[in-house]
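One structure is given here, and the rest of the page talks about it.
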Amino acid sequence: MNIIACVKQVPDTEAQIKVKADGSGIEEGQIKWVMNPYDEFGVEEALKLKEKNGGDVTIVSVGPARAMETIRTALAMGADKGVHICDPAFDNADAYVIANALAAVIKTLPHDIIFCGQRAIDDDAGQVGAMLAEALGLPQLTLVTKLEFAGASVKVIRPIEGAQLSIETALPCIVTAQKGLNEPRYASLPGIMKAKKKPVDVKNAAALGIPTDAKAKVAKTIPPPARPPGKIVCGDDPAQKAAELGRLLREEAKAI
Amino acid sequence: MAKGVMIVAEQRDGALRKISFELAATARKLADQSGDEVSAILLGAGVEGLAAELGKYGVDKVFVGDNAALEPYVTEAHAAVAAKIIKDNDPAIVLFGASVQGKDLSARVAAKLATGLATDCTDVKIDGGKLVCTRPMYAGKCFGEVVIDAMPQIASLRPNVFPAAENAKAGAVTKVDAAVEAQKSKILEVQKDTSGKVDLTEANVIVSGGRGMKGPEGYAILEELAEVLKGTVGASRAAVDAGWRPQKDQVGQTGKVVSPNLYIACGISGAIQHLAGMSSSKCIVAINKDAEAPIFTKADYGVVDDLFKVVPELTAVCKKLVA
């Protein structure tokens with residue numbers, strides 16, 4: 001099986017995000033960078049498929065030089081090789097540009113199934129999987145929490161509001177991974193040693209021959225609206241506090 | 001020239017979902033600024049009768065694509081029909097719901113039309129003739145103002161944020177060709193959640209529990225409070241990772257980002273990734289023994305006490321208030 005997993009390097013979930021004074025983006029100085037957690041589920045599922053059915057796993061990532069660490073992490077988990085799309089021309093890329101960059105690489109590789117995270121936890125756009133599917137002309141299965149491989153097709157479970165869908169799709173297809181799909185493994189020490197020698201092909205925008213102008217542009221980054229300071233609800237015992245809270249929610253906040 | 005605002009309505013099992021009315025009312029507001037028309041795309045099998053309801057919320061014209069192959073929703077089929085309707089009618093703005101279906105569909109349609117998309121917007125306005133979309137990033141740790149340098153300008157709106165105000169217009173039906181190719185994906189089964197609980201992303205009230213619940217049994221008192229307030233129970237990542245609650249209940253940066261009217265956090269310390277996922281709630285209550293817990297920095301009302309004593313009392317108080 002030829003399996004592709006797309007990954008993105010993002011700030012850790014515990015990171016404090018500070019907006020630059022001129023609104024042009026966020027301060028990157030103190031940030032710890034990690035693999036997007038949803039992409040980890042995709043990499044893990046790719047490795048499980050390979051272990052069961054044979055084949056190899058290729059990691060593809062768009063990102064600055066530091067994104068190589070994330071590709072190496074996926075290789076240390078067990079992936080076989082990587083492609084790093086690295087060019088300052090992608091610094092302000094939107095999902096459309098990223099999806100087309102990934103597609104340009106994936107078109108040149110044999111692929112039976114392609115994994116992406118359901119969204120990246122930095123821009124929270126959740127568009128790349130579907131846009132990549134369109135660029136490659138493949139069916140998309142987004143937000144997948146269970147996957148069964150059945151030769152020429154896959155069966156997946158995909159939760160929607162108030163229901164779960166069971167869907168069968170012919171391969172090749174794109175799957176976007178949701179939490180619940182699996183428990184990603186940690187890279188082992190021998191895995192980390194081996195990863196250093198695994199091949200990673202670095203490509204720039206010119207090599208891909210695709211436009212790099214974003215369609216959706218973040219004109220300004222702003223801090224979240226400040227919340228007015230809250231009240232501590234007073235009372236001598238839990239019953240009094242609950243009564244006072246109920247009154248405040250009813251009369252002041254009009255929330256119940 | 002591209003003109004007007006189009007929405008992509010969402011229906012399930014022959015009923016429009018609430019987000020469709022939120023889209024219609026928002027589109028009406030945007031279109032009225034330039035005296036333009038609001039149109040809607042409505043896809044499914046036997047859905048023509050729903051057009052009048054969209055009219056009630058401000059839609060002038062409804063493009064109905066009726067085809068058994070569009071029911072239930074399959075991405076590629078809906079995307080093909082929706083993209084064709086958009087191309088043929090050339091709107092300046094297209095709005096989707098940022099629901100599971102709307103997110104899945106909007107990205108595919110935007111790619112088909114080679115345009116940009118702003119996902120999960122909490123505000124949209126027209127500035128200098130262009131759509132400006134405000135949307136949370138990093139689960140709400142900061143916001144971005146997004147503009148789209150292509151036509152149409154596509155945005156998906158976060159459910160529960162935009163008011164669904166009535167504003168009656170014609171809702172006149174135009175039937176469109178909804179033929180689709182044979183699909184590679186097949187829905188084998190739709191397994192409905194029979195609990196009758198509203199999904200966290202659409203809930204008006206969320207009662208959420210964290211590590212302080214001490215175990216899965218602890219959630220019984222939260223279920224009771226949620227029942228009285230017609231709300232849904234949520235959980236922190238710690239509680240989900242401990243296996244106390246299912247994954248779909250998780251609120252936070254790696255779970256669901258929610259914006260209910262009322263969010264009651266019980267025994268949740270307030271890790272930054274949790275705060276990010278709920279800080280756009282309209283009213284936040286925190287109940288926690290630890291007065292130093294970071295959750296109190298986001299709370300409108302804080303109760304420093306044992307949640308196992310406060311919550312049952314609060315349930316009793318609320319029962320009387322809503323009676």
Side-chain angles (χ1 to χ4, degrees), chain A residues 13-14 16-17 19 26 37 94 96 99 121-127 130-131 133-135 139-140 142-143 155 159-170 179-180 214-224 227 230-233 238-239 241-243 245-246 248-250 253 255-256, chain B residues 75-76 99-101 103-104 107-108 111-112 115-120 137-150 184-193 199 202 229 247-248 253-254 261-262 272-273 283 298-306 309-310 313-314 317-318 321-322:
Chain A
T13 52
E14 294 305 316
Q16 299 277 356
I17 299 296
V19 174
I26 61 159
D94 65 349
Y96 184 75
I121 61 157
D122 52 0
D123 59 28
D124 287 332
Q127 301 174 12
M131 288 188 164
E134 176 62 25
Q140 72 194 53
T142 57
L143 284 171
K155 268 190 211 170
I160 60 174
E161 297 91 351
Q164 282 208 109
L165 306 179
S166 163
I167 309 180
E168 185 169 20
T169 297
K179 189 171 178 182
K215 308 271 183 192
K217 293 180 177 154
V218 182
K220 201 171 156 199
T221 306
I222 45 181
R227 291 189 80 91
K231 278 185 191 168
I232 293 295
V233 177
K241 289 176 186 171
L245 176 61
L248 287 166
L249 289 176
R250 179 73 160 196
I256 52 175
Chain B
T75 314
E76 293 76 24
S99 56
V100 173
Q101 180 176 312
K103 282 184 185 166
D104 184 71
R108 186 90 192 206
K112 268 189 197 298
T115 187
L117 163 64
T119 312
D120 207 20
M137 301 194 295
Y138 304 87
K141 292 176 188 173
C142 70
F143 284 68
E145 286 184 359
V146 177
V147 291
I148 293 155
D149 276 347
K184 288 176 184 155
S185 289
K186 201 169 116 206
I187 310 288
L188 302 176
E189 198 193 350
V190 181
Q191 200 183 0
K192 287 190 185 145
D193 175 4
D199 190 78
E202 298 174 327
L229 296 174
Q247 210 289 301
K248 70 176 173 60
Q253 199 171 5
T254 52
N261 273 325
L262 177 58
I272 182 163
Q273 60 82 21
C283 177
K298 294 282 175 196
D300 299 291
Y301 302 106
V303 179
V304 183
D305 210 322
D306 180 357
K309 291 181 181 146
V310 177
E313 295 285 354
L314 183 62
V317 170
C318 291
L321 285 173
V322 300

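Worth saying up front: this structure is predicted, and the values here are computed from it rather than measured. Numbered from 1 within each chain, the chains take letters A, B, ... in sequence-line order.
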Minimal heavy-atom distance between A216(A) and D94(A), with the atoms involved, is N-OD2, 2.8 Å

On a heavy-atom basis, the closest approach of T169(A) and I167(A) is OG1-CG2, 3.9 Å

Scanning both residues in full, the closest heavy-atom pair of T254(B) with K179(A) reads O-CD, 4.0 Å

Open item on the list: Closer than 4.0 angstrom, basic N to acidic O: yes or no for K186(B) and E168(A)?
Closed with: no

Applying a strict 4.5 Å limit to non-hydrogen atoms, the region of V19(A) in contact with chain B is side chain

So, the part of P224(A) with a heavy atom under 4.5 Å from chain B: the answer is both

Residues passing the side chain to side chain donor-acceptor pair (under 3.5 Å) test with D120(B), sequence neighbours excluded, are R158(B)

Most heavy-atom pairs under 4.5 Å with chain A, out of K192(B), K103(B), M137(B), belong to M137(B)

Okay, K309(B) and chain A: the region with an atom under 4.5 Å from a heavy atom over there is both

So, the part of V317(B) with a heavy atom under 4.5 Å from chain A: the answer is side chain

Okay, E145(B) and chain A: the region with an atom under 4.5 Å from a heavy atom over there is both

Bottom line for L248(A): the part with an atom under 4.5 Å from chain B's heavy atoms is both

Ranked by heavy-atom pairs below 4.5 Å to chain B, first place among A125(A), G126(A), G246(A), P37(A) goes to A125(A)

Most contact-rich option vs chain A, by heavy-atom pairs under 4.5 angstrom, among G116(B), S185(B), C283(B), G140(B), is S185(B)

Applying a strict 4.5 Å limit to non-hydrogen atoms, the region of T75(B) in contact with chain A is side chain

So, the part of A299(B) with a heavy atom under 4.5 Å from chain A: the answer is backbone

Under 4.5 Å to a heavy atom of chain B? For L143(A) that would be side chain

Scored by heavy-atom pairs under 4.5 Å with chain B, the best of I222(A), T142(A), L165(A) is I222(A)

Looking just at side-chain N and O atoms, do Q127(A) and T119(B) make a donor-acceptor pair shorter than 3.5 Å?
yes

Sequence neighbours excluded, the answer for side-chain contact (heavy atoms from CB on, under 4.5 Å) partners of E161(A) is R12(B), R17(B), S99(B), V100(B), D199(B), T201(B), E202(B)

Whatever's closer than 4.5 Å to a heavy atom in chain A on E76(B) counts as side chain

Bottom line for I272(B): the part with an atom under 4.5 Å from chain A's heavy atoms is both

